[in-house]
A.B. asks: 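Below is a structure I'd like to ask you about.
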Amino acid sequence: MRTLETLCGGEWVTTGEWIDVHDPADVRAPIARIPALGAKDVTRAYDHAERGFARWKRTSPFERSRILTEAAALIRARLDEIAADVSAENGKTLAEARGETGKAADFLDYYAGLARQGYGTLLHDARPDTRTHTQREPIGVILVISPWNDPLITPARKLAPLLAAGNAAVFKPATDTPLSGLHFARALHEAGLPDGVLNVVTGRTAEIEGALLDDPRIAGITFTGSNSVGNRIRRRLADRNVRFQGELGGKNASAVLADADLPAAAKAVTAAAFGQAGQRCTATSRVVVERPVYEEFTRLLVAEVEALTTGPGSDPATTLCPLSSPRQRDVVLADLARAVEQGATVLTGGSADSEGQRAHGCYVQPTVLTDVTPESAIWREEVFGPVLAVRAVDDFAAAVEAVNDSAFGLAAAVFTRDLGRAYRFVDEAECGQVAVNTTTTGWDVHLPFGGFRDSGTAYKEQGEEVLRFSTRVKTVAVHFGG
């Protein structure tokens, strides 16, 4: 078993207290251990970040760009090693882990390029001989709280833009999946990131939550995770001038219209629903199908799902990985049991999978449910697992209504050959991300990302939109007359 250190103040440190990391494909023995930092260690991380920010905000944008570019190159050079750890600690397939590792490098490259550009606008001024412009400046020390489901790409999505803009960070990776974030931090450290600009706090959240959230030097918090935790953070910040960027829950729906290419739609919905065992914030978990093609689409969908190969992420043949922890497996199984109690019919799957090599892992069969009502919990509440609920609707208007009948509003998709109905769906879907004839998942680094309603806050991630969160606007007027 490996013993890892964490990065604070430009040094790799330990504490003498440890947290074990397990492979969800076989949880019997830990694969690594990481330091369990305490509240005083967190305060020291903020001390380092405060000093790091004072230096980093004055560092040339071209030097920032160079460091991010070099870190991207280091990640690509170590792609196989990093992907193996992503798969081992999270459970996802090697193919998914390799894709995540490459995309993390893409985030660094994209924001390295953006760092070289000026952030601002030239404005007209009514006063004679006066030139006015805006400029964007970093806001300070930002707390980054990352989830377990995408343990490398989410830190990359958050850290790359805030570092490119000149901010410093205290980064809390998920306790279950810290190895990926430490790989990301190591690449930046070795690329020459100044001491204290990035500090990684590994520890048990319950023991360090106060120190993490209450430090007066926090200028912003970016969080990806559950609504319950996100709302708790938001309430904690209610009387403080701290920005909050939250990417929270989702109950993403795809609408399959009667004129759709049904085999293509079935393949896309299966990929969106069961990739990473459904543990994506943008995973499709609801499908509404126009009634004339409901039986045919459902038959094609079940055939696609039953063709998935369940197994450990390290096996190249695996197309459906385990869930990320015993806790998550048990939550999903409880959701399935409640769905059946409320009248749902299981078309395929529906239970734990403990056959053969899967006996000691966190496996749930890929599941398709029908006979669900709009009031049932499985239709309304987020289920972070390989579970898909399907309903028939009478027409296009009913499909849009069903998609929008949710407290969430992250992602939606429509499958149709009718361009007019496609654009009507785009206009009427109450979601931050809308796809036509493709998956609800898979939004690239330069595309603004974030949801409506209970799925998130007003601050988007990715693209240039993220700068609204990580920078502040200063307006400057220069009089050059006599």
Side-chain angles (χ1 to χ4, degrees), residues 250-275 278 280 282-308 319 344-349 366-376 378-380 386-406 408-444 447 449 451-453 455:
K251 193 64 181 174
N252 310 301
S254 290
V256 180
L257 305 186
D259 67 332
D261 180 336
L262 297 183
K267 288 182 181 295
V269 168
T270 300
F274 299 101
R280 287 172 170 157
T282 51
T284 295
S285 61
R286 299 183 294 148
V287 184
V288 293
V289 188
E290 282 197 294
R291 204 171 300 279
V293 296
Y294 176 78
E295 289 188 8
E296 175 66 8
F297 174 77
T298 302
R299 180 186 67 78
L300 292 167
L301 176 66
V302 169
E304 291 287 341
V305 173
E306 290 182 344
L308 296 170
T319 55
T345 298
V346 178
L347 295 184
T348 188
T367 300
V368 179
L369 302 172
T370 189
D371 296 326
V372 296
T373 67
E375 295 76 32
S376 61
I378 204 71
W379 190 258
R380 307 205 70 82
V387 180
L388 185 61
V390 188
R391 281 179 50 213
V393 293
D394 291 330
D395 52 26
F396 174 81
V400 173
E401 182 181 4
V403 168
N404 287 339
D405 183 23
S406 174
F408 301 106
L410 182 53
V414 64
F415 294 86
T416 179
R417 290 185 172 95
D418 186 325
L419 189 61
R421 294 212 294 177
Y423 274 109
R424 281 178 57 201
F425 184 89
V426 168
D427 289 344
E428 295 179 22
E430 292 289 328
C431 295
Q433 320 294 125
V434 182
V436 177
N437 293 329
T438 189
T439 61
T440 52
T441 56
W443 302 90
D444 208 349
L447 305 176
F449 179 85
F452 299 163
R453 298 175 170 175
S455 286

A.B. asks: So among Thr367, Leu369, Leu388, Thr373, which one has a side chain to side chain contact (heavy atoms under 4.5 Å, CB included) with Ile378?
C.D. replies: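 Among Thr367, Leu369, Leu388, Thr373, the one that satisfies the side chain to side chain contact (heavy atoms under 4.5 Å, CB included) with Ile378 is Leu369.
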A.B. asks: Of all residues at least two apart in sequence or in a different chain, which pass the side chain to side chain donor-acceptor pair (under 3.5 Å) check with Thr345?
C.D. replies: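 With neighbours one apart ignored, the set is Asp371.
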A.B. asks: Would a distance-only check, ignoring hydrogens and angles, find a side-chain to backbone donor-acceptor pair under 3.5 Å from Arg453 to Gly409?
C.D. replies: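 Looks like no, no N/O pair under 3.5 Å.
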A.B. asks: Without swapping roles, check the side chain of Asp418 against the backbone of Asp259 for a donor-acceptor pair under 3.5 Å.
C.D. replies: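 No, because the side chain of Asp418 does not come within donor-acceptor range (under 3.5 Å) of the backbone of Asp259.
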A.B. asks: Given 3.5 Å as the limit, does a donor-acceptor pair link the side chain of Glu290 with the main chain of Phe396, or not?
C.D. replies: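 Judged by distance alone, yes, a pair lies under 3.5 Å.
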A.B. asks: Within the 4.5 Å heavy-atom criterion, are Phe425 and Val434 side-chain neighbours or not?
C.D. replies: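 They are in contact (side-chain heavy atoms under 4.5 Å apart), so the answer is yes.
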A.B. asks: Consider side chain to side chain contact (heavy atoms under 4.5 Å, CB included). Of Asp261, Leu262, Val288, Val414, which one does Val256 pass it with?
C.D. replies: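 Only one option passes, and that is Leu262.
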A.B. asks: Heavy-atom count check: over 12 atoms from other residues, nucleotides or ligands less than 6.0 Å from Glu295 CD?
C.D. replies: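 Check fails, neighbour count at 12 or below.
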A.B. asks: Assess, by modelled atom type and distance only, whether the side chains of Thr284 and Asn252 contain a donor and an acceptor separated by less than 3.5 Å.
C.D. replies: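 Per modelled atom types, Thr284 and Asn252 side chains form no pair under 3.5 Å.
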A.B. asks: Enter the distance from Leu257:CG to Arg421:CZ here, rounded to the nearest 0.5 Å.
C.D. replies: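 If I round to the nearest 0.5 Å, the distance is 4.5 Å.
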A.B. asks: Which of these, Val390, Val287, Thr439, sits in a side chain to side chain contact (heavy atoms under 4.5 Å, CB included) with Val269?
C.D. replies: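 Testing each of Val390, Val287, Thr439 against Val269, the sole residue satisfying side chain to side chain contact (heavy atoms under 4.5 Å, CB included) is Val287.
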A.B. asks: By the definition side chain to side chain contact (heavy atoms under 4.5 Å, CB included), identify the one residue from Val305, Val368, Leu300, Val302 that meets it with Thr270.
C.D. replies: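 Option passing the side chain to side chain contact (heavy atoms under 4.5 Å, CB included) with Thr270: Val305.
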A.B. asks: I need the minimum non-hydrogen distance between Phe408 and Ser455, along with the two atoms involved.
C.D. replies: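 Answer, listing the atom of Phe408 first, then Ser455: CB-OG, 3.3 Å.
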A.B. asks: Are the side chains of Ser406 and Glu430 in contact, using a 4.5 Å heavy-atom criterion?
C.D. replies: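 Side chain of Glu430 against side chain of Ser406, heavy atoms only: no contact under 4.5 Å found.
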A.B. asks: Ignoring hydrogens, what is the shortest heavy-atom contact between Ala253 and Val403? Give both atom names and the distance.
C.D. replies: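 Looking at all heavy atoms of both residues, the closest pair is CB-CG2, 4.0 Å.
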A.B. asks: Which pair of heavy atoms, one from Gln433 and one from Trp443, lies closest together, and at what distance?
C.D. replies: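 Result for this residue pair: CB-CZ2, 3.4 Å.
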A.B. asks: Kindly indicate, with the supporting measurements, whether the criterion side chain to side chain contact (heavy atoms under 4.5 Å, CB included) is fulfilled by Asp444 and Phe449.
C.D. replies: CA-CA 9 Å; Asp444 208 349; Phe449 179 85; over 6 Å; no
A.B. asks: Might you point out which heavy atoms bring Phe274 and Pro386 nearest each other, and give the distance in Å?
C.D. replies: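 Smallest heavy-atom distance, with atoms named: CE2-O, 3.3 Å.
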A.B. asks: Count the heavy atoms of every other residue, nucleotide or ligand shown that sit under 6.0 Å from CD of Glu306, and state whether that count exceeds 12.
C.D. replies: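 Result for CD/Glu306: enclosed.
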A.B. asks: Answer yes or no: is there an ion pair linking Asp405 with Arg380, defined by an N-O contact shorter than 4.0 Å?
C.D. replies: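 Looking at Arg380 together with Asp405, the answer is yes, because their closest N to O distance falls below 4.0 Å.
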A.B. asks: Can you give me the closest heavy-atom contact between Ala283 and Gly278, atom names plus distance?
C.D. replies: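 Residues Ala283 and Gly278, closest heavy atoms: CB-O, 3.7 Å.
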A.B. asks: Heavy atoms only: give me the nearest Ala402-Val393 pair and the separation to one decimal.
C.D. replies: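 Minimum heavy-atom contact is CB-CG1, 4.4 Å.
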A.B. asks: Within the distance-only criterion (no hydrogens, no angle test), does the side chain of Arg280 pair as donor or acceptor with the backbone N or O of Gly442 below 3.5 angstrom?
C.D. replies: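 Flag not set: sc Arg280 to bb Gly442 has no pair under 3.5 Å.
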